[in-house]
Amino acid sequence: MSKGLFVLGTGTDIGKTYVTGLLLKYIRDNGYDASYFKAALSGAIRNEEGKLIPGDAVEVLSMAGLEEDTDFLVPYIYETAVSPHLASHIEGNPVDLDVVKRSYDEVSKKYDYIVMEGSGGIVCPIRYDGPDNENNIMLEDIIKALDLNVVLVADAGLGTINSVVTTVEYLKNRNIHTCGILLNNFKDQTMEEDNLKMIEELTGVPVIAKIYKDDKNLSLDVSTEELISFFK
């Protein structure tokens with residue numbers, strides 16, 4: 001069975017898919033047999049034949065140079081561009097945690113390493129059938145069920161100190177380990193440099209990469225071996 005690492009964003013539209021693609025490309029370019037996985041994807045687009053195409057997965061696979069069936073890597077695909085719990089209320093086919101685990105296990109039989117992308121931020125409902133319902137799934141439940149460490153993707157700009165610190169604290173309180181932070185849309189300016197410094201000091205978690213606009217490759221501040229040690 002393979003080892004996995006969970007890529008979590010501080011929220012929506014901070015470039016998590018783009019950074020996941022860079023991360024998977026980096027790992028594969030360094031000779032590791034790695035793949036992508038995402039439990040539930042919303043906002044898919046239908047092709048001419050009416051098939052739902054999971055755009056995030058297609059983007060990541062294209063960036064990483066990996067040819068694979070996206071249906072194999074994404075067990076739940078929704079057309080409506082909202083949280084998976086609401087998308088499934090609208091379209092049907094709610095997420096089942098056992099199905100996610102089985103799908104992940106199948107991918108892990110084929111690849112040595114899995115870079116798993118989350119949906120939205122950490123407080124993202126994946127399935128919600130009502131208060132205290134045993135079928136409810138939050139994003140953290142998937143991370144725990146698969147027993148993964150986290151790397152956190154955040155925008156480098158204004159407001160990131162709060163979003164990073166609150167996310168890391170939330171994860172700590174749920175015994176989920178954050179290995180490192182990747183700052184997207186970085187600029188070599190005073191605010192971004194100070195954001196990096198403050199994030200590291202307030203969380204105790206290292207910023208392992210500064211990602212600039214239109215970067216085609218990931219430049220890490222940790223060794224490849226240390227990055228691989230994050231996988232479990």
Side-chain angles (χ1 to χ4, degrees), residues 1-9 15-42 44 51-78 84 95-120 122 124 126 137 139-153 176-182 184 208-209 211 215-220 222-232:
M1 301 295 284
S2 70
K3 294 183 177 182
L5 181 65
F6 198 93
V7 182
L8 174 68
K16 173 171 44 56
T17 298
Y18 168 66
V19 175
T20 300
L22 289 178
L23 183 60
L24 182 60
K25 180 180 186 299
Y26 177 93
I27 294 167
R28 291 181 59 82
D29 285 351
N30 279 276
Y32 293 90
D33 181 36
S35 183
Y36 171 84
F37 187 81
K38 184 165 184 168
L41 186 151
S42 304
K51 177 179 170 60
L52 283 175
I53 305 300
D56 289 359
V58 171
E59 179 183 343
V60 171
L61 297 188
S62 176
M63 291 176 66
L66 175 61
E67 293 185 7
E68 183 57 270
D69 180 7
T70 53
D71 288 346
F72 178 56
L73 305 178
V74 188
Y76 289 94
I77 303 172
Y78 303 106
V95 174
D96 184 310
L97 189 55
D98 287 336
V99 171
V100 172
K101 290 164 68 176
R102 286 197 299 270
S103 298
Y104 182 89
D105 287 345
E106 287 302 310
V107 177
S108 71
K109 292 175 184 176
K110 186 173 180 180
Y111 295 92
D112 295 332
Y113 296 90
I114 298 176
V115 177
M116 183 172 179
E117 181 184 5
S119 303
I122 186 58
C124 179
I126 304 300
I137 305 169
L139 189 61
E140 66 189 76
D141 297 319
I142 294 177
I143 300 172
K144 288 183 176 180
L146 300 177
D147 191 27
L148 300 179
N149 289 330
V150 164
V151 289
L152 183 62
V153 179
I176 298 172
H177 180 57
T178 307
C179 297
I181 299 162
L182 301 98
N184 192 29
I208 63 171
I211 300 160
D215 271 353
K216 297 297 188 291
N217 294 286
L218 190 62
S219 178
L220 289 172
V222 295
S223 68
T224 304
E225 291 74 19
E226 185 172 355
L227 174 67
I228 293 300
S229 74
F230 296 165
F231 286 74
K232 62 179 293 193

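Nothing here was measured: the structure is a model prediction, and the numbers come from that model. Heavy-atom basis, side chains included; hydrogens, waters and symmetry copies ignored.
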Grab the two heavy atoms, one from [X] and one from [Y], that are nearest each other, plus how far apart they are.
X    : Y   : answer
A39  : P75 : O-CG, 3.3 Å
N149 : L5  : O-CD1, 3.6 Å
L52  : I77 : CD1-O, 3.7 Å
I137 : V95 : CD1-O, 3.5 Å
L41  : P54 : CD1-CB, 3.5 Å
G65  : R28 : O-NH2, 4.3 Å

When you compare the side chain of [Y] with that of [X], does any pair of heavy atoms fall below 4.5 Å?
X    : Y    : result
V7   : Y36  : no
V60  : F37  : no
N217 : K25  : yes
T70  : I53  : no
E68  : K110 : yes
Y104 : I142 : no

TODO: Please assess S103 against V107 for the test side chain to side chain contact (heavy atoms under 4.5 Å, CB included), listing each intermediate value before the final yes or no.
DONE: CA-CA 6 Å; S103 298; V107 177; 5.8 Å; no
Please check this pair: side chain of [X] against backbone of [Y], looking for a donor-acceptor N/O pair closer than 3.5 Å.
X    : Y   : value
Y113 : L24 : no
S62  : V58 : no
D112 : D33 : no

- [ ] Take V153 and Y18 through the test side chain to side chain contact (heavy atoms under 4.5 Å, CB included) and record every step on the way to the result.
- [x] CA-CA 10 Å; V153 179; Y18 168 66; over 6 Å; no
Atom [atom1] of [X] and atom [atom2] of [Y]: how far apart are they, to the nearest 0.5 Å?
X    : Y    : atom1 : atom2 : result
Y111 : S35  : OH    : OG    : 4.5 Å
M116 : T20  : CE    : OG1   : 11.0 Å
I114 : I27  : CD1   : CD1   : 11.5 Å
L23  : K16  : CG    : NZ    : 13.0 Å
L182 : L220 : CG    : CG    : 7.0 Å
T178 : L152 : OG1   : CG    : 6.5 Å

Task: Non-neighbouring partners of Y32 that pass side-chain hydrogen bond (donor to acceptor under 3.5 Å, both in side chains), sequence neighbours left out - done: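 Partners of Y32 under the side-chain hydrogen bond (donor to acceptor under 3.5 Å, both in side chains) test: none.
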Task: Trace of the side chain to side chain contact (heavy atoms under 4.5 Å, CB included) decision for L66 with L61 - done: CA-CA 5 Å; L66 175 61; L61 297 188; 3.7 Å; yes
Task: side chain to side chain contact (heavy atoms under 4.5 Å, CB included) between V150 and F230, intermediate numbers included - done: CA-CA 8 Å; V150 164; F230 296 165; over 6 Å; no
Task: F6: partners by ring-ring contact (aromatic ring centres under 6.0 Å, His included), with sequence neighbours left out - done: none
